[in-house]
Amino acid sequence: MPQHPGDPAGRIEPHFDNEPQGAAKPGGGIAARALAAASRAHDVADYLGGLNPEQREAVLTLDGPVLVLAGAGTGKTRVLTTRIAHIISQGKAYPGQILAVTFTNKAAREMKHRIGDLIGGNVEGMPWLGTFHSICVKILRRHAELAGLKSSFTILDTDDQLRLMKQIIQAEGLDDKRWTARTFASIVDSWKNRALTPEQVPEGEARAFGNGKGKKLYAEYQERLSILNAADFGDLLLHTITLFRNNPDVLAEYQKRFRYMLVDEYQDTNIAQYLWLRLLAQGNPNVCCVGDDDQSIYGWRGAEVDNILRFEHDFKGAKVIRLERNYRSTSNILAAASHLISHNEGRLGKTLFTDFEDPDADRVMVASSWDSEEEARTIGDEIEALQSKGHRLNDMAILVRASFQMREFEDRFVTLGLNYRVIGGPKFYERMEIRDAMAYFRCVAQPADDLAFERIVNKPKRGLGEATMKIVHGLARAERIPMMEAAGILCQTEELRPKARTVVKSLLTDFDRWRDQVETMPPTELAEIILDESGYTEMWRQDRSAEAPGRLDNLKELVRSVGEFETFAGFLEHVSLVMDRDAGVDDDAISLMTLHSAKGLEFDTVFLPGWEEGLFPHQRALDESGRAGLEEERRLAYVGITRAKHRARISFAVNRRIHGMWQSTVPSRFLDELPEDHVEVIEPNSSYGGYGAGGFGGYGASRFDNRDPFQSTYSTPGWQRAQRSRSSGSGGFEGRSRFAERNHRQGPKTIEGELVAKSVSDVPSGFSLGERVFHLKFGYGEIASIEGNKLTVDFDKAGRKRVLDSFVERH
DNA sequence: CAATTACTAACATGG
DNA sequence: TTAGTAATTG
């Protein structure tokens, strides 16, 4: 987002120069001495008191590289924050000389808060505590010219990124269906995760995309970004690294500055982040990385578990400290998690233990339900039961694999009147009206922002359609200038039709006027003026659709939140970097979030629904990353279970709706990897028990059913046999086999995460109109229409439904 | 140029 | 199922 036009970093952070270097040594500067004395008087043991010996060592070993292997719930954040407090109170460094990196804004906030508690004061003095991205932005804004940008550069979000890429793919004359922007984005992303500029990308790798034009497209994309004075998320790191490499003096400045460096969640760093850290650490070796290889769940984002495995090698003389004493969970929960994760290979290996032995503690519960709706219902009931026993909703969470699972829970909670909050769900700043409004603001702050301009030229309708924009776009491209500038030039000529010309002219003067007001007007007021004068608010007022009032509310909320910032630019930056907003934390509500965003949190009770093959482990993880993908999924399961302090409740549904069609599922292999002694299987309630015990009605595929072949873990012969028998359709488990036999079209099947077969079936269904069929969920019915393997059936009881043919049988 | 309709792909995970 | 885009028509 545009930032501080004409005034770079000065306002963003304290100046480098006026801090005494000697501060690094105890007693160096007067201020340092005073600070140290003050906190010594406070009593050092104050904050060291509650630490166990390992934690204490991790805090006290200030000099030289340290790797803290911290299992789930072992007090990792505590160590980090105490360590920072210790550095400061010992006068080893100023807060401004400590670099502390986290992955999420949430974690950064939490840390700031806790440090504040420790050293008893505010922590504005920690300007370099933040996410990799926000710290990189800070550095880039200071030295933007060296990275080929202006300090006011915009940070593009994924959406803008895709639109830009699509334009570039089309401009190259490629078919944007065959070579999608999405694919290209993920390729470019993977390059940037490895800190590769267009010149550095390996020839062979780039050729695979866009008829061998991959490299050219990447270069073109970067070129466009710099014309737009914009950077995407990957660029924030990439540019900082190139900046450091090409400007040793700048690098040296930062090396000298950061006396101590701390990295949270080190297992999630990618190559670029690692290189970034290495560059800075060349100056001094006081690097402390904290992580847990068992909680590495961002491999798809380029994270290299290797970074943590190689730490001792990369940072010579590193001290490795293990934290294995868990303060969070009951022994049942720990046992379940440990047993599950032990199925992974290539771990550093930690054994969590706890003194928290409670003979009455609940075991980990595993329950099944007929379909995802019932799953939500059951969990809802259980929540209410807990609530009536005096548990608070704030102490409970539902952790799902994919966000689409949330809907059913939301629906249920609304009908129950249960308070809930979605964390990391559909984001406020991703709503259409907010993005539109933001686009207006961006155009004001950063006139070169074509993507924003294109978004709002004709919103509200101004009669500027494709034709007009094509002319503007053409000139902009030819002259390599921003579109607004091009539009301005075109207004002086005869090229645009008179009607279009006057409209464009007035829009441009509007923008000029707003731009003039940036300096003089309070941000809130300006935001309001822009939205009013542009006619954007009016557009929604005229709109008679159901969403319109809500959108107007959101706009109001947006304007209100502008007021929390001192400058307009500061607001824009916040939005682009911090997409999450703190929801109302005051009231009691159950949290609903993905497993990914649950990392680092803990709850008394944790619900883990949707443990089904294909969903968890996710099919795509298996297909795309094979065994590694499976192991990452398993780590995700581990993260999920270890979030629970007292109760973990796992469940799966026998039927789930995918793309609006009901499909039956197979229980997750992870269920079979839980230790029987610490797990309690809840009997399915009677509502669907009618299909016979041990048959389809139970969890046919689970080893909790003693007689079936799924006795053991996925790697055993039993599992493999079962998988084989399923994919060949010859009846792995009784109840289901009568459906599987006739129609073995079950999609790609995996054994141990390796792709076995991908069947793309367009075989006609073999059913005919009017035929009577039977479906497990809906009962008897008559086929109303057939499209490929999709049937529309009028069921006697359930009404008209669309189902896959493999889930009904002739009757 | 805009509105309506038809079609198709998506339901990973995030800064 | 639904959201997003392409094609068609006024």
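All values below were derived from every heavy atom in this structure, side-chain atoms included, with hydrogens, water molecules and symmetry-related copies excluded.
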Nearest whole Å is fine: how far is B:dA9 C1' from A:His659 NE2? 8 Å

Of the candidate nucleotides B:dC1, B:dA12, B:dG15, which contains the atom at the shortest distance from the side chain of A:Asn105? B:dG15

Looking at the rings of A:Tyr298 and A:Trp300, which for Trp means the six-membered one, are their centres under 6.0 Å apart? yes

With no hydrogens and no angle check, just 3.5 Å: does a side-chain donor-acceptor pair link A:Gln446 and A:Ser152? no

Within this structure, what is the CD1-to-C1' distance between A:Ile658 and B:dA12, rounded to whole angstrom? 13 Å

Considering heavy-atom distances to DNA chain B, does A:Thr158 or A:Thr468 have its closest nucleotide positioned more toward the 5' end? A:Thr468

Nearest to the side chain of A:Asn458, which nucleotide is it out of B:dA2, B:dT13, C:dA6? B:dA2

Round to a whole Å and report the spacing from CG of A:Leu595 to C1' of B:dT13. 9 Å

Does the side chain of A:Gln222 pick up a donor-acceptor pair with the side chain of A:Asp235 at under 3.5 Å? yes

Check for a donor-acceptor pair, side chain of A:Ser403 on one end and backbone N or O of A:Thr594 on the other, with a separation under 3.5 Å. no

What contact category does A:Glu633 fall into here, base, sugar-phosphate, or nothing, at under 4.0 angstrom with non-hydrogen atoms? base

Whole Å only: how far is the CG atom of A:Asp176 from the C1' atom of B:dA9? 14 Å

Using a cut-off of strictly less than 4.0 Å, decide whether A:His133 has a side-chain nitrogen or oxygen near OP1 or OP2 of B:dG15. no

Pick the closest DNA chain B nucleotide for A:Thr104 and for A:His618 by heavy atoms, then say which residue is nearer the 5' end. A:His618

Reckon A:Ser134 touches a base, only the sugar-phosphate, or nothing at all at heavy-atom distances under 4.0 Å? nothing

Do A:Arg401 side-chain and B:dT13 base share a donor-acceptor contact under 3.5 Å? yes

Please report the distance, rounded to the nearest Å, between CZ in A:Arg431 and C1' in C:dG4. 18 Å

Which nucleotide in the list B:dA2, B:dC1, B:dA12 gets nearest to the side chain of A:Lys461? B:dA2

Under 4.0 Å from OP1 or OP2 of B:dT13: is there any side-chain N or O of A:Ser403 that close? yes

Check whether any side-chain heavy atom of A:Cys289 sits under 4.5 Å from a side-chain heavy atom of A:Leu277, and report yes or no. yes

Within the 4.0 Å heavy-atom criterion, would you say A:Arg497 contacts the bases, only the backbone, or no part of the nucleic acid? sugar-phosphate

Considering every strand and a 4.0 Å limit on heavy-atom distances, what is the contact class for A:Phe103: base, sugar-phosphate, or nothing? sugar-phosphate

Quick one: A:Lys499 NZ to B:dC1 P, roughly how many Å, whole number? 9 Å

When rounded to whole Å, the NZ to C1' distance for the pair A:Lys177 and C:dT5 reads 8 Å

Without decimals, in angstroms, what is the distance between A:Lys599 NZ and B:dA12 C1'? 16 Å

